[in-house]
There are 2 protein chains.
Amino acid sequence: MGKYHHGDVRNVLLQQAENILTEEGPSGLSLRRLARLTGVSEAAPYRHFDGKDGILAAVAIDAFERFAERLEDVAANIKKHEERIMALGAAYVHFAVDFPQHFRLIFGRERPPLDQYPELREAADNAFDVLQRAVTSVDRRADMTLNEAATAYNRALAAWSRAHGIAMLVIDGMIVPPADQELDDFVLGLLAEDLTAPDNT
Amino acid sequence: MGKYHHGDVRNVLLQQAENILTEEGPSGLSLRRLARLTGVSEAAPYRHFDGKDGILAAVAIDAFERFAERLEDVAANIKKHEERIMALGAAYVHFAVDFPQHFRLIFGRERPPLDQYPELREAADNAFDVLQRAVTSVDRRADMTLNEAATAYNRALAAWSRAHGIAMLVIDGMIVPPADQELDDFVLGLLAEDLTAPDNT
DNA sequence: TTGTTAAAGTTAACAAAGTTAACATAAGAA
DNA sequence: TTCTTATGTTAACTTTGTTAACTTTAACAA
């Protein structure tokens, strides 16, 4: 009775998986439910994916690519180094807020192990390379001292971890961005805080 | 045949749950397995906890308390305000590294909803209060202007999110602290980075 | 002491999930 | 055409969360 070989099952499954993820997160994504929604038998997904982790990996690859795209867009359009770092941080958080479940998937425990999915590892590495390059591009001069290079690296880590922390806490609802302010401005303000400076005004 | 009322089942279950969590994370924690390990029937845990979420909540409460204790210890022993913020950040990350699964539990999606477990909410609020107080204590003067208060708040958020980001990325293996440096020093260095400063040395 | 009751166990069952095995069909190569 | 492979299907097995129904123990009132 079922239509065999309608040729698009893999894509339909993936799209449905996206939908479920977006609405309910990885925990709501059950293979059987996915199959039912797609109108296919409950074992069919196994013909196209390596079990549940396989599907999650595929979705995560997609998410990484979208993430990297966004960051690249921002990085490409801003010439000044300091500004670019900041804008990247804002874009990082903005992505998390726009696609919280995707963000959680690519950074959380539900993400399938990178070692088992080479394409996933590639997608992840690519996304972080975009960050790394954009943050350190100006600083990576041939005549850098070791010390300077280390400092540039540290700045990259600092920028990254700050953005990441804000992103996590915001999508977890532990930090609530003020309603009367653009999200990006709020983030830029937090990124710019200097904890070593004396606290006047 | 089974010994009835040996009186300590709840505690034993909780301790075993701790063990499993520490070793395998929340996903490895199955109620039935827990019961088997404890040497009790598979439905017994339901007499002591409100299902799986109930057990997770109990473990999370414990984790929050340990977390808050650590932070309080640090905060109490450092008088200078700037130093205290930094030390708190380091302690925050240190806790995450020492108890990654606990940290993930109290901040991740596996944590049962706070609204359904008042004691859990209380434990969470308490932990964050410790942070908030320690970071803003000096700044919360009666004669503060609105602007000054807002700035103090922002500094608290900035410190928190930075520490949180570092913690997350380190326990996820995306940032690897240098082996030749104390973890605390590494964290302090990252916290102190000022992204707005020009990048010399 | 006895009888009652509530707490703390138990077994047995249900539904849902991931997964695999065994079988069926369609498409395309030989 | 026939054979092979990719793609489906159904049916089973295992584990898990959960609940219902029953049993035992401890505590306590009479």
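It should be emphasised that the depicted structure is a prediction, and the values quoted were computed from it without experimental measurement. Just so we're on the same page: letters track the sequence lines, and every chain starts at 1.
The aromatic ring centroids of B/F67 and B/F128 lie 6.0 Å or more from each other.
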Open item on the list: Please determine whether salt bridge (charged side-chain N to carboxylate O under 4.0 Å, His left out) holds for the pair B/E18 and B/R66, giving the CA-CA distance in whole Å, both sets of side-chain angles, and the decisive distance to 0.1 Å.
Closed with: CA-CA 13 Å; B/E18 277 276 332; B/R66 249 190 285 180; 2.9 Å; yes
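Using cut-offs of 30° and 60° on the angle between ring planes, the pair B/Y92 and B/F107 is tilted.
Taking atom CZ of residue B/R32 and atom P of nucleotide C/dT10, one finds them 13 Å apart after rounding to whole Å. If you measure from atom CD of B/E42 to atom P of D/dA21, you get 20 Å, rounded to the nearest angstrom. Atom CG of B/D50 and atom P of D/dG17 are 14 Å apart (whole Å). Rounded to whole Å, atom P of C/dG18 lies 9 Å from atom CG of A/L34. Whole-Å rounding puts the B/L31 CG to C/dC14 P distance at 21 Å.
The side chain of B/R36 contributes an N or O atom lying less than 4.0 Å from OP1 or OP2 of D/dT16. Close to D/dT15, at under 4.0 Å from its OP1 or OP2, lies no side-chain N or O of B/S30. OP1 and OP2 of C/dA7 both lie 4.0 Å or more from every side-chain N or O belonging to B/H48.
Here the CD-CG distance, from A/E193 to B/L157, works out to 9.0 Å after rounding to the nearest 0.5 Å.
B/L29 comes within contact range of the sugar-phosphate backbone alone, with a heavy-atom separation under 4.0 Å but no base atom that close.
Donor-acceptor pairing under 3.5 Å is recorded for the side chains of B/N19 and B/Q15.
When each of C/dG9, D/dG17, D/dT9 is scored by its nearest atom to the side-chain atoms of B/Y46, the top-ranked nucleotide is D/dG17. Each of D/dG8, D/dG17, D/dA20 was ranked by its minimum atom distance to the side chain of B/A43; first place goes to D/dA20.
Ranked by how close their nearest DNA chain C nucleotide is to the 5' end, B/A44 and A/R33 are led by B/A44. Projected onto DNA chain D by closest heavy-atom contact, B/R47 and B/K52 fall at different nucleotides, the more 5' of which corresponds to B/K52.
The partner of D/dA30 is C/dT1, by the rule that a Watson-Crick or G-U pair needs both atom distances under 3.5 Å.
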